[in-house]
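On a predicted model such as this, the values are computed, not experimentally measured, just so you know.
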Amino acid sequence: MQGALHFLSEYGYIALYLLLAAGIVGIPVPDETLMLTVGGLSVHGHFSYSMVLFVSFFGSMTGMLISYTVGRKVGSNLLQRYGKWIHLPPERLAKAERWFHKYGGLSIVFGYFIPGIRHVTCYFAGVTRVPFAKYLCFAASGALIWCFVFITLGRFVGSNWNVIHRFVRHHMVHSISIIAILILVIALILVRRKKAA
């Protein structure tokens with residue numbers, strides 16, 4: 001994360017675009033943390049909120065289009081040839097393709113929010129040859145929602161940090177006590193069930 005933040009501080013919006021594109025392709029970049037950070041920094045004028053949203057969206061879409069293209073060009077041949085080694089023989093691959101054509105749109109949209117899944121869905125959309133226009137529609141919808149949620153959340157936290165910090169500090173003892181009691185109750189229930197069994 002330190003390297004990503006240093007790159008961001010040096011090159012600004014270009015770094016944000018490149019980092020998010022690389023993160024979607026599969027290079028380990030802390031995408032959500034990055035967007036929360038720039039969202040928070042937009043409160044203090046270091047970045048423009050609208051520009052951060054715009055650049056993040058296009059960075060994400062660039063990564064999604066690269067992944068889709070790679071999946072479409074080489075993924076299908078690789079899976080046909082080597083799929084059995086990763087437990088995807090042709091019949092299972094055909095079943096996965098049918099499932100993806102039926103539900104793939106939702107997995108593309110909501111897959112953004114699950115690290116690892118968002119990287120796989122874009123490649124698999126290319127492998128299963130989801131029509132480009134359909135893919136673009138789902139990928140763009142997901143990217144817009146994903147970027148908006150994390151950047152806006154970062155902006156909200158950044159603008160209300162003092163209030164949030166005071167609230168957490170004031171209620172920390174109560175919160176820790178409640179969590180400890182809940183853990184104790186759950187542990188007692190599990191022990192009793194184990195003894196009963």
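The shortest side-chain heavy-atom distance between Leu36 and Val157 does not fall under the 4.5 Å cut-off. Between Cys147 and Tyr112, the closest side-chain pair of non-hydrogen atoms is not below 4.5 Å. A heavy-atom distance below 4.5 Å is found between the side chains of Leu136 and Met61. Within the 4.5 Å cutoff, no side-chain heavy atoms of Leu16 are placed close to those of Phe47. Under the 4.5 Å side-chain criterion, counting only non-hydrogen atoms from C-beta, Val38 is not in contact with Phe150.
Atoms CZ and CZ, on Phe124 and Arg129 in that order, are 12.5 Å from each other to the nearest 0.5 Å.
Here the closest non-hydrogen pair linking Asp31 and Leu19 is OD1-O, 4.2 Å. The minimum heavy-atom distance between Cys137 and Ser141, with the atom names listed, is O-OG, 2.8 Å. Between Trp146 and Phe113, the shortest heavy-atom distance links the atoms CA-CZ, 3.6 Å. Residues Val25 and Ser67 approach most closely at CA-OG, 3.6 Å, considering heavy atoms. The two residues Thr37 and Thr33 have their closest heavy-atom pair at OG1-O, 2.7 Å. When all heavy atoms are compared, the tightest approach of Gly63 to Ile24 is C-CG2, 3.4 Å.
Within a 6.0 Å sphere centred on OH of Tyr49, other residues, nucleotides and ligands contribute more than 12 heavy atoms. Other residues, nucleotides and ligands place no more than 12 heavy atoms under 6.0 Å from the CD1 atom of Ile14.
Tested against Phe57, the residues Ile151, Leu20, Leu144 include a single side chain to side chain contact (heavy atoms under 4.5 Å, CB included) partner, Leu144. No option in Thr121, Leu106, Ile108 other than Ile108 meets the side chain to side chain contact (heavy atoms under 4.5 Å, CB included) test with Phe138.
Taking the six-membered ring for Trp and the full ring otherwise, the centers of Tyr17 and Tyr13 sit at least 6.0 Å from each other.
Proximity of a side-chain donor or acceptor of Ser56 to a complementary backbone N or O of Leu53 within less than 3.5 Å is not detected.
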